Protein chains: 2
Amino acid sequence: MRIAELSRVSGVPVPTIKYYLREGLLPAGELTSPNQADYGDQHLHRLRLIRALVDLGQVPVAGVKRIIEALDSDSLSLHDQIGRAHRAITPQPQLTASTEARAEAAAQVDELIRSRGWTVDPDAPALTTLIETVAAFRTLDQDQLAGFLDSYADAVEKFTELEVAAVTSRADRTTPDQIAESVVIGTILGETLISTLRLLAQESISAKRWKAP
Amino acid sequence: MRIAELSRVSGVPVPTIKYYLREGLLPAGELTSPNQADYGDQHLHRLRLIRALVDLGQVPVAGVKRIIEALDSDSLSLHDQIGRAHRAITPQPQLTASTEARAEAAAQVDELIRSRGWTVDPDAPALTTLIETVAAFRTLDQDQLAGFLDSYADAVEKFTELEVAAVTSRADRTTPDQIAESVVIGTILGETLISTLRLLAQESISAKRWKAP
DNA sequence: TCCTGATGGATAGTAGCAGTATCCATTACA
DNA sequence: TGTAATGGATACTGCTACTATCCATCAGGA
């Protein structure tokens, strides 16, 4: 398939495909002559993955690149592939909390992780964001929300169990590469799923409780 | 307090504060002379809210403005305030799915909402995103993840119950304005909380299951 | 064989976002 | 009384994610 057809089938404009090629998100097609290349199904698949991560997952292009590099490096263990994908999508936020608020929040988070027996790299960027967020709740006079941290963690563990089940339910039928891809898609698009479901659930409850008659 | 002190206390640079003033995110201080204005605690509080939404919640500045306008308009019912805040943070993604995939996904989502008895505005932008995401799962050969939609919704309802409890637990002690603000903070920072907790839970499980020995 | 239109590859340009920087005529206050 | 800060206006910057243009080929139909 040539680039025009790839563009037509995927719905991605040709200049954008060229841009993804330049950025190394998409592998080059097989050159059949100095100015003709052939693209296959794997290019279409990759392109769809890119668009899903960018459009739905709101992952920046540079992040998609890091994710793809992790997926493509078969020398990495699945755990390391997942770790890199996580790092690629965890924004390192501006540290905005006061030192005291952060220390308090860090203690609460540490206690949470300890009591749940989670194994977490102390350098995980998500940890910083979590601490900063808990601190923000307090700074914004929303201590009661910070108090629900443990219940939030309960519900989150449910998701994670679901996802592990979803991934392992196919483990016998797929290659490690496909498992890694499933995990990445589940992590990123799963978040979009959760947040939109949450919005809808909230809207529904809000309508029942507070809608003007 | 003058702008320099507001900057020092909040950690936000003076030019940025001026930018927020220009954009109407922050109300002007009270002018005590043509070139001196006085800022109070409500300015500091507002500034902290802005930074939390921007830095932690990843809400674009234009979205923060719409949220603040919703919070400030006391003519709106709580339900409408929440609705506007939701709209301000729901991105309208590029429609990327094929017509058939979208129709299938829409049917699944409709069925989900019907079976749960949710009251959802058919124009809710989150609905479009949800349908597009479910369609993307299928297009990316991850049908098994789409199949978990109902279980995801189960877990999401738990969050929403938690949040309603958190908000109403203070309802007798706060004004409607403060309830609306709590809901907004809970919605947006709550999402940050959920996604970082999810990342940590995944990392922990991934370490236990797949970490190279 | 000739011509039209597409292609790969390179380079340059653009729109939007979130600030930063600069300037100026005041004004606070040591 | 002079130095530093302020409100307000305008201009500039860095970054991201594309778009546009150009060009020397090259495929495929008339």
Side-chain angles (χ1 to χ4, degrees), chain A residues 1-40 43 47 49-68 88-89 91-96, chain B residues 1-40 43 47 49-68 88-89 91-96:
Chain A
M1 154 169 57
R2 284 163 306 171
I3 201 168
E5 195 182 351
L6 184 60
S7 165
R8 199 175 41 71
V9 175
S10 65
V12 179
V14 171
T16 305
I17 295 177
K18 285 186 170 185
Y19 166 64
Y20 292 153
L21 287 166
R22 279 200 306 280
E23 294 296 311
L25 301 196
L26 203 58
E30 202 189 338
L31 279 179
T32 59
S33 83
N35 71 334
Q36 296 285 294
D38 194 55
Y39 302 92
H43 291 95
L47 200 46
L49 176 63
I50 295 169
R51 290 317 295 219
L53 297 181
V54 167
D55 290 341
L56 265 6
Q58 311 230 79
V59 181
V61 167
V64 173
K65 182 168 189 194
R66 292 203 297 280
I67 290 171
I68 282 173
I89 59 165
Q92 202 59 36
Q94 279 276 118
L95 300 185
T96 207
Chain B
M1 131 174 78
R2 284 164 306 172
I3 201 168
E5 194 183 350
L6 185 60
S7 167
R8 197 177 41 72
V9 175
S10 64
V12 179
V14 171
T16 304
I17 296 178
K18 285 186 170 186
Y19 166 63
Y20 292 153
L21 287 167
R22 279 203 303 282
E23 294 297 311
L25 301 195
L26 202 57
E30 202 189 339
L31 281 179
T32 58
S33 83
N35 72 332
Q36 295 287 295
D38 194 54
Y39 302 93
H43 290 95
L47 200 45
L49 176 62
I50 295 169
R51 291 315 297 216
L53 297 181
V54 167
D55 290 341
L56 266 5
Q58 311 231 80
V59 181
V61 167
V64 174
K65 181 168 188 195
R66 292 204 295 281
I67 291 171
I68 282 173
I89 59 165
Q92 202 59 37
Q94 279 277 115
L95 300 184
T96 208

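Just so we're clear, the structure is a prediction, and the values are computed from it rather than from any experiment. These numbers come from the heavy atoms of this one structure, side chains and all, not from hydrogens, waters or symmetry mates.
Residue-level contact check: A/Leu21 touches neither bases nor backbone, having no heavy atom under 4.0 Å from any strand.
For B/Thr16, no side-chain nitrogen or oxygen approaches OP1 or OP2 of C/dA18 to under 4.0 Å. Neither OP1 nor OP2 of D/dT6 sits under 4.0 Å from any side-chain N or O of B/Ser33. At D/dG8, none of the side-chain N or O atoms of B/Tyr19 fall inside 4.0 Å of OP1 or OP2 (strictly under the cut-off). Proximity of A/Tyr20 to the phosphate of D/dC18: a side-chain N or O atom is located under 4.0 Å from OP1 or OP2.
Atom CD1 of B/Ile50 is separated from atom C1' of C/dA18 by 13 Å (rounded to the nearest Å). Atom OH of A/Tyr39 is separated from atom C1' of C/dG9 by 10 Å (rounded to the nearest Å). Between A/Met1 atom CE and C/dG8 atom C1' the separation is 17 Å, expressed in whole Å. Taking atom CD1 of residue A/Ile3 and atom C1' of nucleotide D/dT19, one finds them 14 Å apart after rounding to whole Å. Distance A/Arg22 CZ to C/dG8 C1': 12 Å, rounded to the nearest Å. When the P atom of D/dA17 is taken as reference, atom CG of A/Asp55 falls 11 Å away, rounded to whole Å. The distance between atom CG of A/Leu47 and atom P of D/dC18, rounded to the nearest whole Å, is 11 Å. Rounding to whole angstrom units, NZ of residue A/Lys18 and P of C/dA12 are separated by 16 Å.
Side-chain N/O atoms of B/Arg2 and base N/O atoms of C/dT27 include no donor-acceptor pair closer than 3.5 Å.
Between B/Ser10 and B/Ile17, the shortest heavy-atom contact is OG-CD1, 4.4 Å. Annotation for B/Gly29 and B/Ala37: closest pair C-CB, 4.0 Å, computed over non-hydrogen atoms. A pairwise comparison of heavy atoms in A/Pro27 and A/Leu21 identifies O-CD2, 3.4 Å as the closest pair. Between A/Val64 and A/Val54, the shortest heavy-atom distance links the atoms CG2-CG2, 3.8 Å. Of all heavy-atom pairs spanning B/Arg2 and B/Tyr39, the tightest one is C-CD1, 4.0 Å.
Residues B/Asn35 and B/Val59 each lie close to DNA chain C; by heavy-atom proximity, the contact nearer the 5' end of the strand is made by B/Val59. Remark on DNA chain D: of its neighbouring residues A/Pro15 and B/Ala4, the 5'-side contact belongs to B/Ala4, judged by nearest-heavy-atom nucleotide.
When the nucleotides C/dG8, C/dA18, D/dG7 are ranked by their closest atom to the side chain of B/Val61, C/dA18 comes out on top. Among the nucleotides C/dA18, D/dT19, D/dT6, the one closest to any side-chain atom of A/Pro13 is D/dT19. Distance from the side chain of B/Val54 is smallest to C/dG19 among D/dT6, C/dG19, C/dG9.
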